[in-house]
Chemist: 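Below are the structure tokens for one structure; questions will follow.
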Amino acid sequence: MKEVREWNPYSIGAPFSPGAEQRSFPWLYPYGSRMNYWGLWNDPEKMEDEADARRLGELYPLMARRLRPYVEDACCRLEYEGSMMYDEYPDRLSLLHKSREVWDSARKGEDFGEQEPDWDAVRDLIGVLLLQEMMKRRKKHRSR
């Protein structure tokens, strides 16, 4: 008998990805498994906020859209108790240092070509993206 993901049309990425996860009703959960929706199920305003954030994020300028995954990765690494992200008053120097780390990782991961901006041109943009992501995660951390 064939494996489930070979014949099941509701398997994610079927039949192209061999390690696809199984979903029972894929049209109900277009953005992942139902685990992502448990916190949102009884709160339609939160679900609407998530959709708004996703739509508005698509309107960011190109450079901001390219840098955003690196900012999110840096914030993921800062999610632990006692992190500077959860300090009552985060200091500018640590934010500037974290922004520089984001820029270094973005330069390694992205191919900007001849149009690569220098640090002074993207410092403020990375700082704003970092502060926005930190504010979102602090809010989520407080609601737990």
Chemist: Looking at side-chain heavy atoms only, is the closest gap between W103 and L67 below 4.5 Å?
Modeler: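 Heavy-atom side-chain distance check passes, below 4.5 Å.
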Chemist: Please step through side chain to side chain contact (heavy atoms under 4.5 Å, CB included) for the pair F112 and M63, ending with a clear verdict.
Modeler: CA-CA 10 Å; F112 292 107; M63 183 59 72; 3.7 Å; yes
Chemist: Between C75 and M134, is a side chain to side chain contact (heavy atoms under 4.5 Å, CB included) present by the stated rule, with each step listed?
Modeler: CA-CA 7 Å; C75 285; M134 285 173 63; 3.9 Å; yes
Chemist: Taking all non-hydrogen atoms of both residues into account, name the closest pair between R65 and G57 and its distance.
Modeler: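 Distance-wise, the nearest heavy atoms are CG-O, 3.8 Å.
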Chemist: Can you name the closest pair of heavy atoms from L131 and L95 and give their distance?
Modeler: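 Closest pair (atom of L131, atom of L95, distance): CD2-CD1, 3.7 Å.
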Chemist: Quick check: closest heavy atoms across S99 and G127, and the distance to 0.1 Å?
Modeler: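 Distance-wise, the nearest heavy atoms are OG-CA, 3.8 Å.
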Chemist: Any salt bridge between R68 and E72, counting N to O under 4.0 Å?
Modeler: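 Yes, charged N to carboxylate O under 4.0 Å.
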Chemist: Counting only pairs under 3.5 Å, give me each side-chain donor-acceptor contact of residues 78-85, with atom names and distances, residues two or more places apart or in other chains.
Modeler:
{"residue": "E79", "atom": "OE1", "partner": "R137", "partner atom": "NH1", "Å": "2.7"}
{"residue": "E79", "atom": "OE2", "partner": "Y86", "partner atom": "OH", "Å": "3.4"}
{"residue": "S83", "atom": "OG", "partner": "L78", "partner atom": "O", "Å": "2.6"}
{"residue": "S83", "atom": "OG", "partner": "M85", "partner atom": "N", "Å": "3.1"}

Chemist: Out of the candidates L129, V128, L125, only one should pair with V71 under the side chain to side chain contact (heavy atoms under 4.5 Å, CB included) rule; please name it.
Modeler: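 The option that passes is L129.
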Chemist: Between D104 and R100, does any NZ, NE, NH1 or NH2 come within less than 4.0 Å of an OD or OE carboxylate oxygen?
Modeler: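 Salt bridge: yes.
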Chemist: Between E116 and D111, does a side chain to side chain contact (heavy atoms under 4.5 Å, CB included) hold up when you go through it step by step?
Modeler: CA-CA 8 Å; E116 178 178 327; D111 181 26; over 6 Å; no
Chemist: Look only at the side chain of R138 and the backbone of D87, and say whether a donor-acceptor pair between them is shorter than 3.5 Å.
Modeler: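 Confirmed, R138 side chain pairs with D87 backbone.
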Chemist: Determine, for E58 against R55, whether the closest basic-nitrogen to carboxylate-oxygen distance falls under 4.0 angstrom.
Modeler: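 A salt bridge is absent here (no side-chain N lies under 4.0 Å from a carboxylate O).
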Chemist: Name the residue from E101, K108, R107, E110 that meets the side-chain hydrogen bond (donor to acceptor under 3.5 Å, both in side chains) definition with Y70.
Modeler: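 Of the listed residues E101, K108, R107, E110, the side-chain hydrogen bond (donor to acceptor under 3.5 Å, both in side chains) partner of Y70 is E110.
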Chemist: For R142, enumerate each residue passing the side chain to side chain donor-acceptor pair (under 3.5 Å) test, keeping only those at least two apart in sequence or located in another chain.
Modeler: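 Partners of R142 by the side chain to side chain donor-acceptor pair (under 3.5 Å) criterion come out as none, since no residue qualifies.
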Chemist: Before giving the answer on salt bridge (Lys or Arg N to Asp or Glu O under 4.0 Å), spell out for K136 and E133 the whole-Å C-alpha distance, their side-chain angles and the decisive distance to 0.1 Å.
Modeler: CA-CA 5 Å; K136 183 174 82 172; E133 186 68 24; 3.5 Å; yes
Chemist: Are M135 and I126 linked, directly or through intermediate hydrophobic residues, by side-chain heavy-atom contacts shorter than 4.5 Å (ILVMFWY only)?
Modeler: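 Shared cluster, no.
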Chemist: Suppose we screen for ring-ring contact (aromatic ring centres under 6.0 Å, His included). Which residues come up paired with H97, at least two apart in sequence or across chains?
Modeler: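 With neighbours one apart ignored, the set is empty.
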